[in-house]
Amino acid sequence: TPMASQEEIIKEWHFHLYFDENDQTDVESARSIREKIIQLRNDKYFMATPLNPGFNTKPVGPHPKGSFQTWCPQEDFVKVYSWFVLNRRSHSILIHPLTKQEVRDHTVNAAWLGSPLPLNLSRLSEELEEYPLEFPELGLGYSAKQT
């Protein structure tokens, strides 16, 4: 079987965890999940990085309510996905690849844990010129050295 081209391999992902910004219990639940992710990253359990400042207490970009996003390279996708499955509580989570096609990434190429939410796709680009590199200094995902 032929090898997949570099264009066909998804190397970086986002997990967007949503919460009701008007419900303090829901906000605190989301904050504690985010803090646990940072602790697990610092303990080297997995490489998942919540973006800074990144705790959105109102709709931001295409996201219709409070949220935070976590970046994950392909190298740790299974661990991060498994952790969210077991620890998301009642929060919905959008999981999408980071490619040059933002609209497709957030729609047909996306998956949800929990109930899907409507997104404001007008804030996204159909086609980017470059991959959206978020943590190139880590040398993971699209920034990994090609072998």
Side-chain angles (χ1 to χ4, degrees), residues 4 6-144:
Q6 289 301 313
E7 292 287 316
E8 295 171 317
I9 299 172
I10 296 168
K11 296 186 177 184
E12 297 182 14
W13 297 83
H14 274 171
F15 293 76
H16 296 269
L17 183 141
Y18 296 97
F19 56 88
D20 180 349
E21 65 271 20
N22 298 311
D23 179 338
Q24 196 55 36
T25 301
D26 214 35
V27 172
E28 289 309 314
S29 174
R31 277 193 202 283
S32 70
I33 290 171
R34 186 175 187 276
E35 289 167 9
K36 184 65 175 175
I37 293 167
I38 292 168
Q39 177 187 344
L40 289 167
R41 182 202 60 210
N42 291 344
D43 291 345
K44 299 188 180 353
Y45 176 71
F46 55 46
M47 176 49 66
T49 303
L51 302 185
N52 285 318
F55 196 83
N56 304 313
T57 56
K58 62 182 181 183
V60 172
H63 308 289
K65 59 194 292 189
S67 67
F68 73 85
Q69 100 183 5
T70 301
W71 171 87
C72 169
Q74 67 177 358
E75 294 87 346
D76 284 299
F77 179 84
V78 171
K79 268 190 171 178
V80 175
Y81 177 84
S82 298
W83 190 86
F84 272 114
V85 165
L86 297 172
N87 295 281
R88 71 177 182 85
R89 303 176 190 155
S90 63
H91 301 282
S92 290
I93 299 175
L94 167 65
I95 303 160
H96 72 81
L98 289 173
T99 72
K100 296 176 185 177
Q101 299 175 319
E102 286 184 319
V103 172
R104 284 187 63 84
D105 289 350
H106 287 76
T107 56
V108 297
N109 293 340
W112 287 87
L113 296 174
S115 300
L117 301 171
L119 301 177
N120 179 357
L121 300 177
S122 70
R123 307 293 304 264
L124 302 174
S125 297
E126 289 286 340
E127 185 78 25
L128 300 171
E129 294 199 18
E130 300 290 329
Y131 284 102
L133 304 179
E134 295 196 345
F135 296 95
E137 68 276 10
L138 298 175
L140 297 169
Y142 294 113
S143 300

For this session: Kindly assign one of parallel, tilted or perpendicular to the pair Phe68 and Phe55, based on the angle between their ring planes and the thresholds 30° and 60°.
Result: parallel
Exercise. Out of curiosity, Leu86 CG to Leu113 CG, how far, rounded to the nearest 0.5 Å?
Worked result: 10.0 Å
For this session: Could you go through the side-chain contact (heavy atoms from CB on, under 4.5 Å) check for Asn87 and Lys36 one step at a time?
Result: CA-CA 10 Å; Asn87 295 281; Lys36 184 65 175 175; over 6 Å; no
For this session: Would you check if Tyr131 and Leu98 make a side-chain contact, meaning some heavy-atom pair closer than 4.5 Å?
Result: no
Exercise. Can a donor-acceptor pair be found between the side chains of Glu35 and Gln39 at a distance below 3.5 Å?
Worked result: no
Problem set entry | Other residues, nucleotides, ligands: >12 heavy atoms within 6.0 Å of Arg123 CZ | no
For this session: Work out which heavy atom in Phe19 is nearest to a heavy atom in Asn56; give both atom names and the distance.
Result: CZ-O, 3.2 Å
For this session: Of all the heavy-atom pairs spanning Leu94 and Ala110, show the shortest one and how long it is.
Result: CD1-CB, 3.5 Å
Problem set entry | Contact check, side chains of Cys72 and Lys79, non-hydrogen atoms, under 4.5 Å | no
Problem set entry | 4.5 Å side-chain heavy-atom contact, Leu51 and His14 | yes
Exercise. Looking at Ser29, Ser115, Ser67, which one forms a side chain to side chain contact (heavy atoms under 4.5 Å, CB included) with His91?
Worked result: Ser29
Seminar exercise, completed: Closest non-hydrogen atoms of Pro136 and Ser143, given as atom of the first, atom of the second and distance, are CA-OG, 3.2 Å
Exercise. Would you say Glu102's side chain and Leu128's backbone share a donor-acceptor pair under 3.5 angstrom?
Worked result: no
Exercise. Is there a side-chain hydrogen bond (donor to acceptor under 3.5 Å, both in side chains) between Ser32 and Arg89 once you walk through the steps?
Worked result: CA-CA 11 Å; Ser32 70; Arg89 303 176 190 155; 2.7 Å; yes
Exercise. About how many Å separate CD of Gln101 and OG1 of Thr107, when rounded to the nearest 0.5 Å?
Worked result: 9.5 Å
For this session: Taking the side chain as every heavy atom from C-beta outward, state whether Pro59 and Glu21 have any atom pair closer than 4.5 Å.
Result: yes
Exercise. Is the count of non-hydrogen atoms from other residues, nucleotides or ligands lying under 6.0 Å from Glu137 atom CD greater than 12?
Worked result: yes
Seminar exercise, completed: Asp26 and Asp20 have their tightest heavy-atom pair at OD2-N, 2.6 Å
Exercise. What is the ring orientation for Phe15 with Tyr81, classed by angle as parallel under 30°, tilted 30 to 60°, or perpendicular over 60°?
Worked result: tilted
Exercise. Do Thr70 and Trp83 touch side chain to side chain, with heavy atoms closer than 4.5 Å?
Worked result: no
For this session: Working to the nearest 0.5 Å, report the span between CD of Glu127 and CZ of Arg104.
Result: 10.5 Å
For this session: To the nearest 0.5 Å, tell me how far Thr49 OG1 sits from Ile37 CD1.
Result: 10.0 Å
Seminar exercise, completed: One should read off an interatomic distance between His96 NE2 and Trp112 CH2, to the nearest 0.5 angstrom, of 9.5 Å
Exercise. Does Pro64 reach the side chain of Tyr18, with side-chain heavy atoms less than 4.5 Å apart?
Worked result: yes
Exercise. Taking all non-hydrogen atoms of both residues, which atom of Met47 and which atom of Val80 are closest, and how far apart?
Worked result: O-CG2, 4.2 Å
Seminar exercise, completed: When rounded to the nearest 0.5 Å, the distance separating CG of Asn109 from CD1 of Ile95 is 13.0 Å
Problem set entry | Minimal non-hydrogen separation, Ala144 against Glu75, with atom names | CB-OE2, 4.1 Å
For this session: Taking the side chain as every heavy atom from C-beta outward, state whether His16 and His63 have any atom pair closer than 4.5 Å.
Result: yes
